[in-house]
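Down below is the structure, laid out as structure tokens.
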Number of protein chains: 2
Amino acid sequence: MRETASALAPSPRRREIPPPEPAPRPYHHGDLSRALVLAGRRILETQGPEALSLRAVAREAGVSPAAPYHHFKDKGELLDAVAQEGWKELGHAIGKARAASPNARGAINEIGVAYVCFARQNPAVYRIMYRSACDRGTMPDKAKEADSGWRHVAEAIVAAGADPNDAREMELATIASWCAAHGVAEMAGFKEFEPLKKALGGEEAFVRAVLGHIGIYGHAKPPAKA
Amino acid sequence: MRETASALAPSPRRREIPPPEPAPRPYHHGDLSRALVLAGRRILETQGPEALSLRAVAREAGVSPAAPYHHFKDKGELLDAVAQEGWKELGHAIGKARAASPNARGAINEIGVAYVCFARQNPAVYRIMYRSACDRGTMPDKAKEADSGWRHVAEAIVAAGADPNDAREMELATIASWCAAHGVAEMAGFKEFEPLKKALGGEEAFVRAVLGHIGIYGHAKPPAKA
DNA sequence: AGATGATGTTGACATCGTTCAGATAGGTGC
DNA sequence: GCACCTATCTGAACGATGTCAACATCATCT
């Protein structure tokens, strides 16, 4: 929809004009790798995940369909890079939610809400993030880094945990809360829940209520010791 | 696929006698609609979700690429039909798990385990099921039917609930447990959890442990029958 | 029988992911 | 200045895909 004029009209490349604009397409894009990731993100947000083709990304970035192959092995790798960006943002959102919580137990709750809200506000990106993760059967590497969401959750769990010495229980609790948040994130948009959402006063209230029924979150008691 | 194959290999096909097999391709397939769904399922199980193209399904069913269009509006509708089959199976698995549980509270646990086990044993089908559901933003219609998994969960929740009069809490609990199971189902395969799985003695033990940390499942007083 | 509609096939089109040979720039050593 | 080198980008191509229109085949009703 953008400048597809060149596709319709046989426009001879106008290379006589010394660019009045400082940097239209200097043949060698400054940092195409980064531009492609941003273009992918833009397409995701405006057209949804179905429209995210390699060619569309190249088009959006203003390069030929073959150009991306000098920066990514294949389409999957490009998508992984886009997903990576999403994970980083998720990590920040979670970190912010955690920092804003007064006590440790409340932090777990707020993290869960922040997680689901991020997914609901960036559905296309979230989709790609988990498609990439499930395809490769692994959480993104970055999720193990300092500011990663996973680490925030793990630390919050430990901070609120009843038995900080039982590492296994702590890990299980971290996994459980992450899994639960992911499940809610993917299902919160289902039409069947609309009446309940409305009755509760909006989606965030709904999310809080659902998470409230999930052990680690809400009204539950500390993780039971085995 | 190639004629050259017959040149390389001495083709053992002796087609002098056509009549003995009266029904190789009777032009009009008996029930192509059904055959296509089964073919799709077969492809999912043998080649995974990436290989599930319309043309591949048609090939597997032995018809031309355009034939499916007389039975399904487009590829999405075919996939929906395949997913529908999966939901039915999931419903049965859940029903069986519920029936096999002596008490109501234990039933919720066993349902969760059965859910995740189904997803893990049929990963490709499960993927399609949720892709279809998320794309359309709705649980499949059939999920509201008599033998549906959702109804089993809702009934089990009610049976074990502390306050059967509070419909809203019951619904929230149903949603929460379903979401949690879905989350675990999608993440249980991540490589990061392999060590813990091994330490716990296998994937099912891992799943039980994780679910044990999730409210509806976990805060049940009787410690899981270990 | 003959007409009709459901069901299947062939062939075509646009798009997609991907590859490959060449064009283009920025940098290096001379 | 020059020639070369390497990284990057383009153009054209190939096979595969989803989809459609035109045609073929068969089952069924009258």
Side-chain angles (χ1 to χ4, degrees), chain A residues 1-4 6-16 18-19 22-37 39-40 43-44 47-82 128 131-132 135, chain B residues 1-2 4 22-37 39-40 43-44 47-82 128 131-132 135:
Chain A
M1 290 277 186
R2 270 282 153 97
E3 44 176 26
T4 56
S6 60
L8 295 177
S11 71
R13 44 173 98 161
R14 41 181 185 84
R15 46 209 288 278
E16 330 173 11
R25 296 298 123 95
Y27 197 97
H28 281 71
H29 199 294
D31 184 0
L32 184 56
S33 182
R34 175 111 198 101
L36 288 170
V37 173
I43 290 178
L44 272 183
Q47 281 132 303
E50 317 298 320
L52 190 62
S53 64
L54 220 209
R55 291 177 109 104
V57 173
R59 232 163 347 199
E60 173 80 14
V63 294
S64 84
Y69 285 88
H70 291 269
H71 302 267
F72 302 96
K73 193 176 117 288
D74 55 9
K75 183 191 179 187
E77 221 175 55
L78 208 187
L79 264 44
D80 283 353
V82 176
I128 296 293
R131 188 151 88 68
S132 167
D135 281 349
Chain B
M1 287 250 193
R2 295 264 166 149
T4 57
R25 308 290 132 86
Y27 197 95
H28 280 74
H29 197 293
D31 183 0
L32 183 55
S33 181
R34 176 111 198 101
L36 288 171
V37 172
I43 289 178
L44 272 183
Q47 282 131 300
E50 319 297 320
L52 190 62
S53 65
L54 221 208
R55 291 177 111 104
V57 173
R59 231 164 343 195
E60 173 79 17
V63 295
S64 82
Y69 284 89
H70 289 273
H71 301 267
F72 302 96
K73 189 176 119 288
D74 54 11
K75 183 192 178 187
E77 219 175 56
L78 208 187
L79 264 45
D80 284 352
V82 176
I128 296 293
R131 188 152 88 70
S132 168
D135 280 350

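Residue numbers start from 1 in every chain, and the chains themselves are labelled A, B, ... in the order their sequence lines are given, proteins ahead of strands.
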Nearest-angstrom distance from the residue atom NE2 of B:H70 to C1' of C:dT7:
6 Å
My understanding is that only residues two or more places apart in sequence, or in another chain, count here; which of them pass side chain to side chain contact (heavy atoms under 4.5 Å, CB included) with B:A56?
B:I43, B:S53, B:R59
Mind checking what makes side chain to side chain contact (heavy atoms under 4.5 Å, CB included) contact with A:Y69, not counting sequence neighbours?
A:L54
Reckon A:R59 has a side-chain N or O less than 4.0 Å from the OP1 or OP2 of C:dC16?
yes
Can you tell if the side chain of B:D135 reaches within under 4.5 Å of the side chain of A:E50, non-hydrogen atoms only?
yes
Write down the atom of B:A81, the atom of B:V37, and the distance for their closest heavy-atom approach.
CB-CG2, 3.8 Å
Specify the separation, in whole Å, of atom CZ of B:F72 and atom C1' of D:dC20.
18 Å
So, is A:H71 near the phosphate of D:dA7, with a side-chain N or O under 4.0 Å from OP1 or OP2?
no
Can you find a pair of side-chain heavy atoms, one from A:L32 and one from A:H70, that are under 4.5 Å apart?
no
Kindly compute the distance separating CD1 (A:I128) from CZ (A:R131), expressed to the nearest 0.5 Å.
5.0 Å
Going by the rule side chain to side chain donor-acceptor pair (under 3.5 Å), which residues pair with A:D74 if we only count those two or more places apart in sequence or in a different chain?
none
Go through D:dC9, C:dT10, C:dG8 for me and flag the one nearest to the B:L32 side chain.
C:dG8
Mind grabbing the angle between the end helix axes of the helix from C:dA1-D:dT30 to C:dC30-D:dG1? Five pairs an end, 10° rounding.
0°
Output a table of nitrogen or oxygen pairs between the protein and nucleotides 18-20 of chain C separated by less than 3.5 Å.
unit_1: C:dT18; atom_1: OP2; unit_2: A:Y69; atom_2: OH; d: 2.8
unit_1: C:dT18; atom_1: OP2; unit_2: A:K75; atom_2: N; d: 2.9
unit_1: C:dT18; atom_1: O5'; unit_2: A:Y69; atom_2: OH; d: 3.0
unit_1: C:dT18; atom_1: O4; unit_2: A:R55; atom_2: NH1; d: 3.4

At 4.0 Å (heavy atoms only), tell me whether A:S53 reaches a base, stays on the sugar-phosphate, or touches nothing.
sugar-phosphate
B:R34: partners by salt bridge (Lys or Arg N to Asp or Glu O under 4.0 Å), with sequence neighbours left out
B:E85
